[in-house]
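Notes follow the structure.
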Number of protein chains: 2
Amino acid sequence: MKPLPHPPRDQIALPAVLDALSDETRLAIVARLAGEGELACGEFLALGSKTNLSYHMAKLREAGVVRTRQDGVFRYMTLRWEDLEARFPGLLQSLLAAIKRDTASARRKTARK
Amino acid sequence: MKPLPHPPRDQIALPAVLDALSDETRLAIVARLAGEGELACGEFLALGSKTNLSYHMAKLREAGVVRTRQDGVFRYMTLRWEDLEARFPGLLQSLLAAIKRDTASARRKTARK
DNA sequence: TCTATTATTCAAGAAACGTTGAACTATGTA
DNA sequence: TACATAGTTCAACGTTTCTTGAATAATAGA
């Protein structure tokens, strides 16, 4: 397929990263990637349609949050841990901790209903 | 003037906070508040028109990033450090460090031109 | 009361965002 | 070749965001 542009490490911009992460769907994607490592787009179909996921993946990729690797028909996504850590030390870790807390408390709320 | 609603600590949501911080203007406001403490809206006129700042301040306030206190004709903004720290430990600190780095490297670039 | 200052609200427009279905590309397999 | 699979691209749509100027509110001081 096509090249799939990724920004180099030094061009990863904070507002773009925060914008990419200011969406529930994309936060969920990032959380799963953090927990399970490399995953193909198809693994996320519970979060939206194929088309819609493609859109969100592109946002994450263009912001520099995620790297896409092609293998046959599949496209595997990984978190750009080292690049993000080099650029914004500690940020990803506190973000992931916050996501876990938030989704955990969200689960408690829905369970109570 | 009017009440100026602030979300209580436990209703500060991560996506809303990240969305509030995904804008250059608002990042600049937060960075100055972190460095200088309490500031009135008028202190930020270099970042935009009065009307426009009012909009950005409302975004920050409604996301729970900032608290507004009225004193006479002025409205003083402060970062909600403790609330944000309680909700998302470490997040604000790494964000502020990232902002400083980014604006510093941006200054180096513009200086070089 | 009149006036200046500080900031918000409102209406309007341009731009960006998120979602969709149809069409398309690229790969693997029979 | 032909077919199935995994994702992307495109055009369209409705919604939201950002920005602006005019009008408004609230406070302070003469």
Side-chain angles (χ1 to χ4, degrees), chain A residues 1-7 13-30 32-33 36-78, chain B residues 1-7 13-30 32-33 36-78:
Chain A
M1 295 188 178
K2 289 223 185 125
L4 288 193
H6 295 77
L14 184 60
V17 170
L18 296 180
D19 186 50
L21 297 176
S22 67
D23 176 272
E24 299 274 13
T25 302
R26 296 192 292 263
L27 272 184
I29 292 171
V30 166
R32 269 197 74 191
L33 288 175
E36 305 179 34
E38 201 175 47
L39 290 171
C41 304
E43 291 292 320
F44 297 98
L45 285 173
L47 298 174
S49 67
K50 216 166 45 165
T51 307
N52 190 214
L53 282 177
S54 197
Y55 168 76
H56 287 304
M57 294 303 186
K59 272 238 143 189
L60 287 170
R61 182 171 35 75
E62 286 160 12
V65 176
V66 141
R67 190 176 302 283
T68 305
R69 173 180 76 83
Q70 180 146 9
D71 182 6
V73 184
F74 299 91
R75 290 189 173 190
Y76 292 101
M77 328 289 295
T78 47
Chain B
M1 294 185 179
K2 290 220 185 127
L4 287 191
H6 295 77
L14 184 60
V17 169
L18 296 180
D19 185 51
L21 297 175
S22 67
D23 176 271
E24 299 273 15
T25 302
R26 295 193 292 262
L27 272 184
I29 292 171
V30 166
R32 270 197 73 191
L33 287 176
E36 305 178 35
E38 200 175 46
L39 289 171
C41 303
E43 291 292 320
F44 298 98
L45 284 172
L47 298 174
S49 66
K50 219 166 39 166
T51 307
N52 191 216
L53 283 177
S54 198
Y55 168 76
H56 287 304
M57 294 303 185
K59 271 239 145 189
L60 288 169
R61 182 171 37 74
E62 287 160 11
V65 176
V66 141
R67 189 176 300 285
T68 305
R69 174 180 75 84
Q70 181 146 8
D71 181 6
V73 182
F74 299 90
R75 290 189 173 190
Y76 292 100
M77 329 289 296
T78 47

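In the text below, chain A, chain B and the rest are named by the order of the sequence lines, each starting its count at 1.
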For this session: Give a yes/no answer on whether the side chain of S49(B) brings an N or O atom under 4.0 Å of OP1 or OP2 in dT20(D).
Result: yes
For this session: Please check the phosphate of dG18(C) (OP1 and OP2 only) for any side-chain N or O of N52(A) closer than 4.0 Å.
Result: no
Problem set entry | Separation of atom CE in M57(A) from atom P in dT8(D), rounded to whole Å | 8 Å
For this session: Rounded to the nearest angstrom, tell me the gap between atom CD in E43(B) and atom P in dT5(C).
Result: 16 Å
For this session: Determine, step by step, whether R26(B) and Y55(B) satisfy the side-chain contact (heavy atoms from CB on, under 4.5 Å) criterion, reporting the C-alpha distance in whole Å, the side-chain angles of both residues, the deciding distance to 0.1 Å, and the verdict.
Result: CA-CA 10 Å; R26(B) 295 193 292 262; Y55(B) 168 76; 4.3 Å; yes
Problem set entry | Rounded distance (nearest 0.5 Å) linking atom NE2 of H6(B) with atom CD of E62(B) | 9.5 Å
For this session: Mind calculating the distance between CZ (R69(A)) and P (dT27(C)) to the nearest angstrom?
Result: 14 Å
Problem set entry | Distance in angstrom units between E24(B) CD and dT19(D) P, rounded | 11 Å
For this session: Could you tell me the separation between the CG atom of L39(B) and the C1' atom of dT6(C), rounded to a whole number of Å?
Result: 15 Å
Problem set entry | Closest listed nucleotide, where the reference is the side chain of Y55(A) and the choices are dT9(D), dA6(D), dC17(C) | dC17(C)
For this session: Specify the residue among G72(A) and R26(A) whose closest nucleotide of DNA chain C lies further upstream toward the 5′ end.
Result: R26(A)
For this session: Could you check L47(B), V66(B), T25(B) and say which one makes a side-chain contact (heavy atoms from CB on, under 4.5 Å) with H56(B)?
Result: T25(B)
Problem set entry | For atom NZ of K50(B) and atom C1' of dA23(D), their distance in whole Å | 12 Å
Problem set entry | Spacing between F74(B) atom CZ and dT27(D) atom P, to the nearest angstrom | 14 Å
For this session: Would you indicate, yes or no, if dT19(C) has its OP1 or OP2 atom less than 4.0 angstrom from a side-chain nitrogen or oxygen of H56(A)?
Result: yes
Exercise. What nucleic acid atoms does A58(A) come within less than 4.0 Å of, heavy atoms only: base, sugar-phosphate, or nothing?
Worked result: nothing
For this session: For dT8(D), take OP1 and OP2 only and decide whether either is under 4.0 Å from a side-chain N or O of R75(A).
Result: yes
Exercise. Looking at L18(A), V17(A), D19(A), D23(A), which one forms a side-chain contact (heavy atoms from CB on, under 4.5 Å) with L18(B)?
Worked result: L18(A)
Seminar exercise, completed: With the side chain defined as heavy atoms from C-beta on, K59(B) is closest, among dT17(D), dG28(C), dG7(D), to dT17(D)
Problem set entry | Within-4.5 Å side-chain heavy-atom neighbours: R69(B) and T78(B) | no
Exercise. To the nearest angstrom, how far is L4(A) atom CG from dT25(C) atom P?
Worked result: 16 Å
